[in-house]
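Below you'll find the structure, written out as structure tokens, and then a few comments.
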Protein chains: 2
Amino acid sequence: MTELAFDTKQPALQACAGRKVSCTNCCMRKLCIVAGMHSDQMEAVDQLVEHWHPSPRGRHIIREGDQFRQILIVRSGAIKAYQTLENGDEQITDFILPGDVFGMDGLATGRHIAGAIALETTSVCAIPMQCMLESTGLAKAAEHQVLALFSESLNRKDAHVAMISMNKSHERVAAFLLDISARLARRKLSSSHFVLSMNRSDISRYLALSQESVSRAFAKLTQAGILACSGRQVDLLDFQALSRYAGRTGPADLQQAG
Amino acid sequence: MTELAFDTKQPALQACAGRKVSCTNCCMRKLCIVAGMHSDQMEAVDQLVEHWHPSPRGRHIIREGDQFRQILIVRSGAIKAYQTLENGDEQITDFILPGDVFGMDGLATGRHIAGAIALETTSVCAIPMQCMLESTGLAKAAEHQVLALFSESLNRKDAHVAMISMNKSHERVAAFLLDISARLARRKLSSSHFVLSMNRSDISRYLALSQESVSRAFAKLTQAGILACSGRQVDLLDFQALSRYAGRTGPADLQQAG
DNA sequence: CGTGGTATTGACAAGTCTCAAGACGAGTGG
DNA sequence: CCACTCGTCTTGAGACTTGTCAATACCACG
């Protein structure tokens with residue numbers, strides 16, 4: 001089985017994965033920058049947007065220090081954003097799913113601070129910043145959308161901070177799974193049954209835990225009957241219970257419920 | 001002594017604190033949205049910008065759930081941004097210093113997710129979003145700046161994540177102090193001698209630690225001769241050593257060096 | 001059927017959280 | 001000037017969780 005963040009049996013992503021499509025019939029148009037645009041506006045954006053070739057798993061889409069030239073939107077696949085710290089450790093700063101924008105980190109200084117690597121075969125669209133600022137008509141139409149996506153990106157980071165702030169490993173993992181689940185749901189994909197596109201090590205560096213703790217957290221949640229998992233395949237069995245843990249040692253605490 | 005994030009003896013902030021000023025002679029013009037603008041552009045922005053009355057310590061500037069109407073820029077003072085979690089805990093998501101923008105979290109959904117409270121007497125400028133999108137001339141001039149500030153905001157959040165990801169409490173506190181220090185330096189204020197405007201509890205909820213651990217971390221760094229502090233007054237004595245700790249258990253580990 | 005990357009599991013040391021008590025400083029009222 | 005109070009900050013001791021090191025299991029792939 002190939003590694004996908006989504007169940008390929010579901011139609012939405014399969015429709016456009018890997019193929020060059022125009023914005024008007026792109027499956028991500030409801031989440032991306034063209035959301036809410038008229039078809040003529042969309043066509044204007046289409047002229048501007050570069051549809052890049054799909055990147056295979058492991059390929060860098062952005063390298064740390066690269067010059068900033070455009071903002072990017074994922075059309076299909078999944079990406080991890082990372083930053084190399086002074087001591088050489090790789091901090092995973094984001095997991096980017098179809099419809100998410102990324103690459104705005106380079107706008108402030110002109111150079112990208114964070115790198116981005118495809119977690120599986122991934123297609124992205126690029127909106128060159130230069131064009132964006134020059135083309136008045138489009139800028140007008142897209143400006144609000146761009147800002148909204150920025151804002152969403154900011155909120156995603158706050159959610160990340162909230163996740164890491166939980167003190168128990170199974171809470172962080174529960175919150176992580178719920179977050180992924182909710183984001184998949186927004187994309188009309190199964191929220192209870194999915195295949196993670198990142199390995200345990202990526203998750204651990206995203207959640208500020210050791211790989212082993214992530215593994216143990218999965219085991220704990222499994223033993224509690226809250227989820228079933230085999231490697232990256234995850235089935236969420238009890239959302240309520242999961243939410244309780246993600247809600248930071250809420251009403252009921254996790255005992256060896258078995 | 002009043003509580004300030006900055007040494008009031010330094011001229012930059014004193015000049016405009018609390019008084020209504022135009023952008024052209026605001027002390028924050030080099031960091032804010034009007035950075036790099038011609039004076040005529042600046043005046044156009046000036047027409048648009050609302051200079052709000054100073055907020056006393058403890059006052060809400062934004063409440064969670066408030067309708068989004070404008071983005072805000074701090075002119076003087078300091079602010080904490082927070083989010084109430086499911087279990088009622090307050091997660092501090094940001095400390096906002098003069099020249100920083102905030103409030104963009106509300107753009108995505110139209111309502112603010114995070115609240116903002118003044119940590120000391122604080123003046124902010126508001127740029128109504130409606131105006132911003134409508135006034136073409138200005139939008140053109142300010143667009144790049146707005147995006148750059150957004151981008152900076154994103155990068156600040158990644159820095160926050162990196163901070164929380166450190167596993168030892170004194171590393172997180174070291175990173176925190178270096179971050180504050182660097183941000184003060186950008187504002188031409190003393191980077192080695194300052195008064196924190198937030199209490200230990202705020203710091204702890206920002207760094208995902210208990211209050212006690214923060215206190216102990218301060219003590220540890222003090223005993224190691226790296227800083228001197230008395231309550232919120234902080235003097236950084238050894239930047240190199242501080243950077244080593246903030247660099248995540250780097251070359252030299254912190255022993256009871258005394 | 002090996003091989004390499006990934007994932008799990010165990011045991012111990014190390015660090016943090018929690019609970020609890022006390023110290024300190026600023027502000028108030030006698 | 002003093003005693004008192006409140007919020008903040010510090011310090012101590014024990015329980016608990018995680019990180020680390022190490023060994024083993026698992027899976028896809030050639």
Side-chain angles (χ1 to χ4, degrees), chain A residues 1-4 56-58 80 87 89-90 92 117 119-120 163-174 195-223 227-234 245 248-249 253-256, chain B residues 1-4 57-58 80 87 89 92 119-120 163-174 195-223 227-234 245 248-249 253-256 258:
Chain A
M1 187 192 284
T2 50
E3 302 222 328
L4 290 172
R57 173 200 175 90
K80 63 174 172 182
N87 68 344
D89 281 3
E90 233 185 33
I92 306 287
I117 296 178
L119 287 169
E120 55 188 84
M163 244 179 247
I164 301 186
S165 295
M166 302 187 182
N167 36 16
K168 292 186 189 141
S169 61
H170 62 262
E171 292 172 351
R172 295 193 205 176
V173 170
V195 178
L196 296 168
S197 52
M198 67 295 284
N199 60 25
R200 297 286 190 267
S201 174
D202 287 333
I203 297 175
S204 77
R205 283 173 299 168
Y206 181 73
L207 294 178
L209 291 170
S210 70
Q211 213 179 127
E212 293 91 333
S213 290
V214 171
S215 197
R216 277 187 261 262
F218 270 98
K220 200 166 191 173
L221 294 169
T222 302
Q223 278 156 31
L227 59 86
C229 76
S230 139
R232 301 188 185 180
Q233 168 80 45
V234 176
Y245 302 136
R248 291 177 163 219
T249 342
D253 221 312
L254 183 58
Q255 306 300 348
Q256 31 273 52
Chain B
M1 186 192 286
T2 51
E3 301 222 329
L4 291 172
R57 172 198 175 91
K80 64 174 171 183
N87 67 344
D89 280 3
I92 307 286
L119 287 168
E120 55 188 85
M163 243 180 249
I164 301 186
S165 295
M166 303 189 182
N167 37 16
K168 291 186 190 142
S169 62
H170 61 262
E171 291 173 350
R172 294 193 206 177
V173 170
V195 178
L196 296 168
S197 52
M198 67 294 284
N199 61 24
R200 298 285 190 266
S201 175
D202 287 333
I203 297 175
S204 77
R205 283 173 298 168
Y206 181 73
L207 293 178
L209 291 170
S210 69
Q211 212 181 127
E212 295 91 331
S213 290
V214 171
S215 196
R216 278 186 259 263
F218 270 98
K220 200 166 191 174
L221 294 170
T222 302
Q223 278 156 32
L227 60 86
C229 75
S230 140
R232 300 188 184 180
Q233 168 79 47
V234 176
Y245 301 136
R248 292 176 162 218
T249 341
D253 222 313
L254 183 57
Q255 306 300 346
Q256 32 274 50

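Each chain gets a letter, A, B and so on, in the order the sequences are listed, and its residues count up from 1.
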task = Verify, without hydrogens or angle tests, whether Arg205(B) (side chain) and Asp89(B) (backbone) share a donor-acceptor contact under 3.5 angstrom.
result = no

query = Is there side-chain contact between Asp202(A) and Leu196(A), with heavy atoms separated by less than 4.5 Å?
reply = no

task = Specify the closest pair of heavy atoms between Ile164(B) and Tyr206(B), including all atoms of both residues, with the distance to one decimal.
result = CD1-O, 3.6 Å

key: Sugar-phosphate or base contact per nucleotide [nucleotides 15-26 of chain D; S, B, -; heavy atom under 4.0 Å]   = ---SSBBB----

query = Taking the side chain from Arg200(A) and the backbone from Gly231(A), do they hold a donor-acceptor pair closer than 3.5 Å?
reply = yes

query = Gln233(A) CD to dA7(C) P: how many Å, rounded?
reply = 14 Å

query = For Ala208(B), does its backbone N or O pair with a side-chain atom of Arg172(B) as donor and acceptor, under 3.5 Å?
reply = yes

task = Give the rounded distance in Å between these two atoms: CG of Leu196(A) and C1' of dA7(C).
result = 13 Å

ask   = Rounding to a whole Å, what distance do you find between Gln223(A):CD and dT8(C):C1'?
value = 11 Å

message = Output the rounded distance in Å from CZ (Arg205(A)) to C1' (dT6(C)).
response = 13 Å

request  = Round to the nearest Å and state the distance from Arg232(A) atom CZ to dC27(D) atom P.
outcome  = 14 Å

ask   = Counting only N and O atoms by type, is there a donor-acceptor contact under 3.5 Å from the side chain of Ser215(A) to the main-chain atoms of Glu212(A)?
value = no

